[in-house]
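Only one structure is covered here, and it is reproduced in the block below.
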Amino acid sequence: QGQLVESGGGLVQAGGSLMLSCAASGRSFSSYAMGWIRQAPGKEREFVAGTIKSGSSTLYADSVKGRCTISRDNDKSTLYLQMNSLKPEDTAVYYCAADRYYSGSDGNRYDYWGQGTQVTVSS
């Protein structure tokens with residue numbers, strides 16, 4: 001069975017950094033576009049960043065542009081999100097998501113999801 005497992009979340013102070021990882025199994029990782037989507041309490045899901053199958057092109061939400069870097073290692077079947085200069089409004093559960101055909105900014109269009117990892121940024 002294929003699955004996506006996020007890790008790397010935690011509690012950090014504003015201005016700090018975190019590296020999130022998403023390990024994929026049970027599928028051909030390089031055949032899927034990948035993304036990071038977050039959801040804060042009481043809020044709708046918000047696209048954060050995405051990358052195409054090769055990782056050569058990336059897309060970021062305006063709210064994180066310049067502070068986050070999405071990358072992937074297809075040999076390790078792992079997706080990453082480096083987050084710097086974190087703000088309290090970045091607090092959310094972060095999910096990695098995959099789709100064989102969609103690589104855009106609509107978080108609702110990704111077919112496969114991990115269980116999420118909590119990121120909490122204190123002021």
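FYI, the numbering just counts along the sequence from 1. Here the structure is a predicted model, which means the values were calculated and not measured.
- No single ILVMFWY cluster, assembled from side-chain heavy atoms under 4.5 Å apart, contains both Y112 and V93.
- Using a 4.5 Å cut-off on side-chain heavy atoms (C-beta onward), R67 and D90 make contact.
- The line from CG of L81 to CE of M83 is 5.5 Å long, rounded to the nearest 0.5 Å.
- Here the shortest heavy-atom pairing between A33 and K53 reads N-CG, 3.8 Å.
- Figure legend: R72 and F29 shown as a cation-pi pair, the cationic atom lying under 6.0 angstrom from the six-membered ring centre and within 45 degrees of its axis.
- Clustering ILVMFWY residues whenever any of their side-chain heavy atoms sit less than 4.5 angstrom apart, transitively, puts I37 in a cluster other than the one holding V64.
- Inter-residue side-chain proximity for W36 and C22 is flagged as met; some heavy-atom pair is nearer than 4.5 Å.
- Expressed to the nearest 0.5 Å, how far OH of Y32 lies from CG of D99 amounts to 8.5 Å.
- Cluster annotation: L4 is not connected to Y102 through the hydrophobic network of ILVMFWY side chains, with a link wherever side-chain heavy atoms come within less than 4.5 Å.
- Nearest heavy-atom pair, L79 versus G35, reported as atom, atom and distance to 0.1 Å: CD2-O, 3.8 Å.
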message: Run the side-chain hydrogen bond (donor to acceptor under 3.5 Å, both in side chains) test on Q13 and S123 for me, step by step, so that the C-alpha distance in whole Å, both residues' side-chain angles and the decisive distance to 0.1 Å come before the verdict.
response: CA-CA 6 Å; Q13 292 185 328; S123 60; over 6 Å; no
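- For the atom pair N108 CG and E44 CD, the distance stands at 8.0 Å (nearest 0.5 Å).
- Note that OH of Y60 is 9.5 Å distant from CZ of F47, once rounded to the nearest 0.5 Å.
- V12 and V48 fall within the same hydrophobic cluster, defined by Ile, Leu, Val, Met, Phe, Trp and Tyr side-chain heavy atoms under 4.5 Å apart, directly or through other members.
- One N or O on the side chain of T117 and one on the backbone of G9 form a donor-acceptor pair closer than 3.5 Å.
- Closest approach of A92 to R38, counting heavy atoms only: CB-CB, 3.8 Å.
- Linking Ile, Leu, Val, Met, Phe, Trp and Tyr residues whenever their side-chain heavy atoms come within less than 4.5 Å leaves Y80 and L18 in two separate clusters.
- Atom CD1 of I52 and atom CE of M34 lie 13.5 Å apart (nearest 0.5 Å).
- G107 approaches W113 most closely through the heavy-atom pair O-CZ2, 2.9 Å.
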message: As a quick check of understanding, evaluate side chain to side chain contact (heavy atoms under 4.5 Å, CB included) for Q115 and Q3, giving each step before the final call.
response: CA-CA 9 Å; Q115 84 290 342; Q3 63 177 0; over 6 Å; no
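- The structure places OH of Y110 at 11.5 Å from SG of C96, a figure rounded to the nearest 0.5 Å.
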- prompt: Going through the checks in order, is the side chain to side chain contact (heavy atoms under 4.5 Å, CB included) test met by E6 and Y94?
  reply: CA-CA 8 Å; E6 302 95 333; Y94 284 69; over 6 Å; no
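- For the 3.5 Å distance criterion, the side chains of S63 and E46 qualify, holding a donor opposite an acceptor.
- Between the side chains of T78 and D73, no donor-acceptor pair is found at a separation under 3.5 Å.
- Between the side chain of T51 and the backbone N or O of S57, at least one donor-acceptor pair lies under 3.5 Å.
- Residues D62 and K65 are paired through a salt bridge, judged by an N-O separation under 4.0 Å between the basic side chain and the carboxylate.
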- request: Applying side chain to side chain contact (heavy atoms under 4.5 Å, CB included), run through N84 and S17 and close with a yes or a no.
  value: CA-CA 4 Å; N84 302 316; S17 298; 2.9 Å; yes
task: Determine, step by step, whether L20 and Q82 satisfy the side chain to side chain contact (heavy atoms under 4.5 Å, CB included) criterion, reporting the C-alpha distance in whole Å, the side-chain angles of both residues, the deciding distance to 0.1 Å, and the verdict.
output: CA-CA 6 Å; L20 306 184; Q82 176 66 50; over 6 Å; no
